[in-house]
Amino acid sequence: MREQIKTWQHVFKLDPDRTISDDVLAKVCSSGTDAIMVGGSSGVTYNNTADLIKRISLYDIPCVLEVSDLEMVVPGFDLYMIPLILNTNDSQWMIGQHVSAIEQYSHLMPWDKLVPEGYIVLNADSTVAQRTEALTEIDLDRAVAYAQAGDRLFRLPIIYIEYSGRFGDMELTGEIRRSTHQAQLFYGGGIRDYHSARQAKQVCDTIVVGNIIYENLQAALDTVQVISR
Ligand code: 1GP
């Protein structure tokens with residue numbers, strides 16, 4: 001499954017803290033997307049995550065959990081994505097929380113299923129930026145340097161350009177893609193229709209589509225058309 005990530009072009013991200021009907025979930029899971037990622041920045045609990053994975057597991061689609069809180073770790077996911085926030089000076093988001101989790105639970109860790117993601121968080125208004133005190137006011141050179149640190153120094157398998165809630169800087173994302181070497185480049189934030197999905201897909205490897213699922217299902221489903229087979 002880890003190797004499959006390299007083939008992902010499109011991912012839907014579902015938030016356990018938001019309500020989704022069985023009908024909408026069925027359409028999302030059967031849309032042709034490459035994977036479902038479960039994650040959220042607030043209000044995520046064991047119970048709402050367990051409920052969602054139980055419902056998603058009815059479908060034949062890879063499903064991964066993005067762990068933003070230890071409380072939400074539920075068995076049954078194909079992989080567990082572990083964010084490291086690269087552009088913060090608060091080291092708890094880069095390594096501190098990870099070490100605390102390992103100290104407590106190393107004997108329970110499904111090590112083979114853990115995949116680190118190097119996040120570069122760039123929308124100052126997003127919950128994730130505020131929670132992690134991300135250094136969002138950085139120029140292109142600095143953003144590229146963060147990406148190269150993640151890609152070439154730490155050799156992270158994924159670099160994730162995160163604009164959650166707003167469509168981001170495509171020039172910056174493209175420059176990061178040109179400057180990275182081995183990592184899969186994820187882009188997420190403000191993809192609201194086929195047009196924005198296509199723009200983002202042109203400058204990254206994998207687009208992540210979140211909010212629009214809950215606001216305009218058809219527009220969300222249209223984004224899957226960026227996948228080239
Ligand atoms: C959020 O990157 C994802 O973590 C998707 O962002 O919700 O803005 O689509 P949106």
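Start at 1 and go down the list; that is how both ligands and their atoms are numbered.
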| query | What atoms in ligand 1 come closer than 4.0 Å to a heavy atom of Asn211? | reply | 7 (O), 8 (O), 9 (O), 10 (P)

| field | Residue among Val115, Leu114, Leu156, Ile158 satisfying side-chain contact (heavy atoms from CB on, under 4.5 Å) with Ile82 | value | Leu114

| Does any donor atom in the side chain of Arg166 or Asn211 lie under 3.5 Å from an acceptor atom in the other side chain? | no

| task | For the residue pair Tyr163 and Tyr187, categorise the inter-ring angle as parallel (less than 30°), tilted (30 to 60°) or perpendicular (more than 60°). | result | tilted

| query | Hey, which atoms in ligand 1 end up nearer than 4.0 Å to a heavy atom of Gly188? | reply | 2 (O)

| Has ligand 1 got any nitrogen or oxygen that is less than 3.5 angstrom from a nitrogen or oxygen of Gly210? | yes

| Sequence neighbours excluded, every pair satisfying ring pair (Phe, Tyr, Trp, His ring centres under 6.0 Å) that has a member inside residues 64-101 | Phe77-Tyr80

| query | Any side-chain donor paired with an acceptor under 3.5 Å for Glu66 and Tyr119? | reply | yes

| field | Heavy-atom gap Tyr160 to ligand 1 smaller than 4.0 Å | value | yes

| In terms of residue, atom name and distance, what is the protein heavy atom nearest to atom 4 (O) of ligand 1? | Glu162 OE2, 2.5 Å

| message | So that I can tick it off, tell me whether Lys113 and Asp78 are bridged by a salt bridge, with the cut-off set at under 4.0 angstrom between side-chain N and carboxylate O. | response | no

| field | Contact (N/O only, under 3.5 Å) between Lys13 and ligand 1 | value | yes

| Can you list the ligand 1 atoms lying under 4.0 Å from a non-hydrogen atom of Gly189? | 2 (O), 5 (C), 6 (O), 8 (O)

| message | Within the 4.0 Å heavy-atom shell around Gly190, which atoms of ligand 1 are there? | response | 8 (O), 9 (O), 10 (P)

| Taking both backbone and side-chain atoms of Gly165, is any N or O found less than 3.5 Å from an N or O belonging to ligand 1? | yes

| Pairs where residues 12-35 contributes a residue and the test ring pair (Phe, Tyr, Trp, His ring centres under 6.0 Å) is met, not counting sequence neighbours | His10-Phe12

